[in-house]
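Note sheet for the following structure.
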There are 2 protein chains.
Amino acid sequence: MSPRVGLDLLTIINTAAEIADTDGVDNVTLAAIARKLNVRSPSLFNHIQGLPELKRHLSLRGLTLLNEKLTEAAKGKMKDEALISMAYGYLEFSREHNGLYDLTLSAPEPNDEEMQTASRKIIQLLSNILSDYHLTNENTIHAIRALRSILHGFSSLEQKQAFNLAVEPEESFQVLIAGFISYLNQLGS
Amino acid sequence: MSPRVGLDLLTIINTAAEIADTDGVDNVTLAAIARKLNVRSPSLFNHIQGLPELKRHLSLRGLTLLNEKLTEAAKGKMKDEALISMAYGYLEFSREHNGLYDLTLSAPEPNDEEMQTASRKIIQLLSNILSDYHLTNENTIHAIRALRSILHGFSSLEQKQAFNLAVEPEESFQVLIAGFISYLNQLGS
DNA sequence: ATTACAAACTAATAGTATTAGTTATAATAA
DNA sequence: TTATTATAACTAATACTATTAGTTTGTAAT
């Protein structure tokens with residue numbers, strides 16, 4: 001009947017990512033993935049070590065896609081324009097990839113170089129964008145943390161439906177980013 | 001041997017809260033709670049409906065404690081002083097109650113009045129503090145969202161160890177709140 | 001002292017991840 | 001072309017989880 005269905009790591013990750021983004025991270029189970037692939041769950045172990053390893057793959061994919069999206073958004077732009085475009089890219093990513101976005105924030109193992117590198121790339125991108133504002137090293141660190149707090153906080157709250165919708169979230173986001181830019185200008189002077 | 005141990009809802013919630021704050025929300029299981037209370041897990045069902053209901057109790061406790069802490073922090077203070085004090089209270093709460101803090105952000109069921117009310121109280125407190133800045137209604141909404149994004153974003157990232165510790169997080173938080181205050185002053189003019 | 005409520009129990013079911021061991025297919029060697 | 005071999009997918013089993021049903025028994029009220 002079925003042996004040699006053609007399962008492989010990529011297929012499994014893709015299926016898991018789909019479940020994560022449509023049904024939420026909590027529904028990423030080997031059982032659900034196996035069901036979706038018409039396979040018994042032990043079969044998955046021929047391609048992965050277990051669920052934790054698979055989730056790490058998803059984190060990695062989330063970080064990679066996010067980095068690509070932000071890089072693309074900022075490409076060829078400078079200062080405010082780059083920052084604003086990147087910020088909207090971030091928000092969009094969290095909306096499009098609900099589950100993967102959540103997973104980008106799971107703390108990596110202390111010795112997981114690959115994850116650390118993927119995270120660092122995003123920080124580096126933010127740092128590059130902020131370099132247009134000519135801050136001191138210490139203020140750059142403050143600014144990166146502030147920016148991440150704003151982006152993550154807003155995205156996360158929106159995702160958790162923490163905003164009543166009487167006023168467009170989009171508009172609040174725009175005002176928030178504008179405020180951050182004036183904060184940057186103050187830091188730089 | 002054991003019947004009539006003296007189990008009750010409060011004891012169960014307290015034990016669950018302790019596990020949440022020390023071992024993380026994912027480790028809040030009926031099995032773990034029962035072990036800690038030297039009881040078999042079905043016994044818990046004499047006092048709770050099930051795990052989801054228990055987690056809702058924890059959310060509610062988190063929201064209540066957070067509200068108390070923020071209210072206390074802002075009490076008798078005005079404007080910048082109230083805002084800053086409240087902000088530090090928020091950060092402190094997320095540090096002291098890792099697990100409960102996470103649970104305060106789980107989206108409430110649409111018809112869960114009690115949860116909605118508990119959430120609204122915190123929004124109301126923020127709104128009261130911000131009223132000292134004389135914003136328009138719409139800008140007040142933007143400002144509440146911005147403030148929540150900042151507070152949640154920073155707390156959440158810190159909790160997830162997303163900050164390298166070369167520079168004190170505390171200092172970044174201080175700069176961030178100062179930036180928010182100047183954002184408020186701009187909005188108000 | 002008896003009754004009766006309900007707290008805690010045991011037993012059982014169903015769903016999860018995971019391991020061990022089997023079968024059979026696809027790729028390779030003869 | 002056939003025999004060999006590696007391994008993909010399988011079944012069976014174990015160990016957790018939550019939850020339900022049904023039993024025992026302490027405790028409180030009569």
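Predicted model, so just to flag it, every value in this text is computed and none were measured. Reminder, nothing fancy here: chain letters follow the sequence lines and each chain counts from 1.
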Inset, instruction - From the options dA8(D), dA8(C), dT19(D), select the nucleotide whose nearest atom is closest to the side chain of Phe45(B). - result: dT19(D)
Inset, instruction - May I ask you to decide if the ring planes of Tyr90(A) and Tyr101(A) are parallel, tilted or perpendicular, using 30° and 60° as cut-offs? - result: perpendicular
Please list each protein N or O that sits under 3.5 Å from an N or O in nucleotides 10-13 of chain C, with the distance.
none

Inset, instruction - Check each of Phe180(A), Phe163(A), Phe154(A) against Phe173(A) using the ring pair (Phe, Tyr, Trp, His ring centres under 6.0 Å) test, and report the only one that passes. - result: Phe154(A)
Inset, instruction - Inspect the contact between Glu72(A) and Lys75(A) and indicate whether a charged nitrogen and a carboxylate oxygen are less than 4.0 angstrom apart. - result: yes
Inset, instruction - Give the rounded distance in Å between these two atoms: CZ of Arg35(B) and C1' of dA15(D). - result: 12 Å
Inset, instruction - Using salt bridge (Lys or Arg N to Asp or Glu O under 4.0 Å) as the criterion, list what pairs up with Arg56(A), not counting sequence neighbours. - result: Asp112(A), Glu114(A)
Inset, instruction - Measure from NZ on Lys55(B) to C1' on dT17(D) and round the result to the nearest Å. - result: 12 Å
Legend entry - Within 6.0 Å of CZ in Arg95(B), more than 12 heavy atoms from elsewhere: yes
Inset, instruction - Quickly work out the Gln49(B) CD to dT19(D) C1' distance and round it to whole Å. - result: 12 Å
Legend entry - Rounded distance in Å - CD1 (Ile48(B)) to C1' (dA18(D)): 10 Å
Legend entry - Asn46(B) side-chain proximity, nearest of dA9(D), dA7(C), dT16(C): dA7(C)
Legend entry - Lys121(B), NZ: over 12 other non-hydrogen atoms inside 6.0 angstrom: no
Inset, instruction - Using whole Å, report how far CG of Asn38(B) lies from P of dA8(C). - result: 12 Å
Inset, instruction - Look at atom CD of Glu109(B) and say whether more than 12 heavy atoms of other residues, nucleotides or ligands are closer to it than 6.0 Å. - result: no
Legend entry - Spacing between Leu44(A) atom CG and dA17(C) atom C1', to the nearest angstrom: 11 Å
Inset, instruction - From the options dT19(D), dA7(C), dA17(C), select the nucleotide whose nearest atom is closest to the side chain of Pro52(B). - result: dT19(D)
Inset, instruction - Give the nucleotide from the list dA17(C), dA8(C), dT17(D) with an atom nearest to the side chain of Leu30(A). - result: dA17(C)
Inset, instruction - Just compare dA8(C), dA18(D), dT19(D) and give me whichever is closest to any side-chain atom of Ser41(B). - result: dT19(D)
Legend entry - Separation of dA26(C) P from Asp8(A) CG (nearest whole Å): 16 Å
Inset, instruction - Could you tell me the separation between the CG atom of Leu54(B) and the C1' atom of dT17(D), rounded to a whole number of Å? - result: 15 Å
Inset, instruction - Look at the side chain of Leu51(B) and decide which nucleotide, out of dA17(C), dT19(D), dA9(D), has an atom nearest to it. - result: dT19(D)
